[in-house]
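Inspection log for the structure reproduced underneath, given as structure tokens.
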Amino acid sequence: METYDLTKFLTPFWQGNTVYYETGMFYLEDGEITLLFTPDKVLSVTDYGLQKTYVLGKDYIVNGNKLIRTKNSSIPFATHDDLYATAPGKYNIGVERSRCPNYKEGYDYLAYGEQDTFTKFQIAVTYTHSGKFNGYIPEGKSDRFKGFNRKLADKNRIKMVVYGDSIATGCNASGSDPGGHVPPYCDIYPVMIQKHLERTHGVTIDNRNVAVGGWSTKTGIDNFDERVLAEPSDLMILAFGMNDLRTPPSEYKAMIEDMVLRYRKNNPTAEVVLVATMIPNPESTWLLNQPLFLNELLDLESRYDFLSVANVTTTHEDILKAGKRYRDITGNNINHPNDFIVRLYAQTVLKTLIG
């Protein structure tokens with residue numbers, strides 16, 4: 001039985017020749033899972049919680065970059081009724097039929113759930129490979145964070161504030177509250193960032209997370225002074241966008257810029273990470289303007305030298321283009337990450353900050 005390991009969880013899938021715990025979900029009994037690379041050797045296949053190990057030949061076979069579920073496999077699989085719904089319910093989200101290859105008449109909604117509603121069907125695959133990721137690899141932008149990196153080098157106490165929506169609160173990270181409390185109990189991404197910096201640099205990070213689930217950028221700006229400016233800080237991680245599906249991109253940028261400038265006025269030497277959100281389920285009606293926000297954030301990056309963009313958007317899109325299904329990497333089937341994408345958030349912000 002394996003357990004949550006911060007070092008392995010923070011090892012990017014695009015780095016080196018070992019991928020740790022890439023997640024996937026078998027859809028229907030005879031389904032298959034696409035891996036990001038063709039394995040040279042599969043080291044382990046476990047359930048999502050890393051508690052149960054599955055056996056090559058008995059539970060699955062490997063064909064190129066595909067894992068195929070065997071006829072008598074003990075690996076769970078999701079049915080159509082696990083992923084789609086015929087009624088809206090409280091949180092179920094509408095299906096955009098033109099983007100839904102598995103659409104069946106009457107199933108007009110994507111099912112929604114927290115905790116292990118969906119991750120109980122997912123597996124975690126660790127393997128070696130000789131391939132190269134052809135998608136976007138997050139960039140190091142440490143030159144934008146000279147003050148922050150100076151404090152790291154001097155081992156100064158650093159005050160970090162995190163402000164955003166439910167993804168920033170940690171929803172559906174397996175170790176989160178709410179949305180988690182299931183193995184392997186992965187930290188939420190701001191805590192992963194904090195623990196890594198403390199471990200590698202011998203500093204103390206005061207991590208003040210004032211994000212609120214369900215908030216849009218408009219809600220964020222309306223409550224900014226009370227939540228963010230109440231205490232001084234050295235670094236702000238600003239992560240809105242998922243709930244701004246109908247916000248015009250220009251309005252989104254104006255609100256983000258306003259928060260950034262108000263923050264900088266109150267913290268004249270502080271720096272800012274702008275997190276470009278993952279995208280919602282492509283089959284859902286929740287996907288509208290979110291992918292458009294990246295360019296707005298990059299425009300702000302070009303205008304201010306004390307901030308930079310942690311581009312989760314493009315890597316997340318390119319993971320899907322490489323053959324992963326949204327069900328492979330989601331925590332709630334709509335707009336929250338599972339641990340594999342929680343890790344992507346942490347890896348991307350860390351790469352942006354320290355290179």
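The first residue of the sequence shown is numbered 1, and numbering continues consecutively from there. Just so it is clear, the model here is predicted, and its values are computed rather than measured.
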Both conditions, 6.0 Å and 45 degrees, for the charged tip of R227 above the ring of Y163: are they met here? no
Could you state whether F293 and I256 fall into the same hydrophobic cluster, counting links through intermediate Ile, Leu, Val, Met, Phe, Trp or Tyr residues with side-chain heavy atoms under 4.5 angstrom apart? yes
Set of residues satisfying ring-ring contact (aromatic ring centres under 6.0 Å, His included) with respect to H129, sequence neighbours excluded: F37
How far apart are the closest heavy atoms of N281 and L287, and which atoms are they? O-CB, 4.0 Å
Aromatic plane relationship, Y263 with F224 - under 30° parallel, 30 to 60° tilted, over 60° perpendicular: perpendicular
Between E114 and N332, is there a side-chain donor-acceptor contact under 3.5 Å, judged purely by atom types and distance? no
Scan side-chain atoms only and decide if Y103 and E283 contain a donor-acceptor pair under the 3.5 Å cut-off. no
Mind checking whether I158 and V228 sit in one hydrophobic cluster, side chains of I, L, V, M, F, W, Y counted as touching below 4.5 Å? no
Check for me, please, whether V342 and L353 land in the same ILVMFWY cluster - side-chain distances under 4.5 Å, paths through other members count. yes
What is the ring orientation for Y84 with H80, classed by angle as parallel under 30°, tilted 30 to 60°, or perpendicular over 60°? parallel
Taking the basic N atoms (NZ, or NE/NH1/NH2) and the acidic carboxylate oxygens, is any pair closer than 4.0 Å for E251 and K218? no
Identify whether the distance between the nearest side-chain nitrogen and carboxylate oxygen of R208 and E231 falls below 4.0 Å. yes
Verify the distance criterion only: is there a donor paired with an acceptor across the side chains of Y107 and D81 at less than 3.5 Å? yes
Counting only N and O atoms by type, is there a donor-acceptor contact under 3.5 Å from the side chain of R157 to the main-chain atoms of T204? no
Quick check: does any side chain N or O of S302 sit under 3.5 Å from a backbone N or O of D299, one acting as donor and the other as acceptor? yes
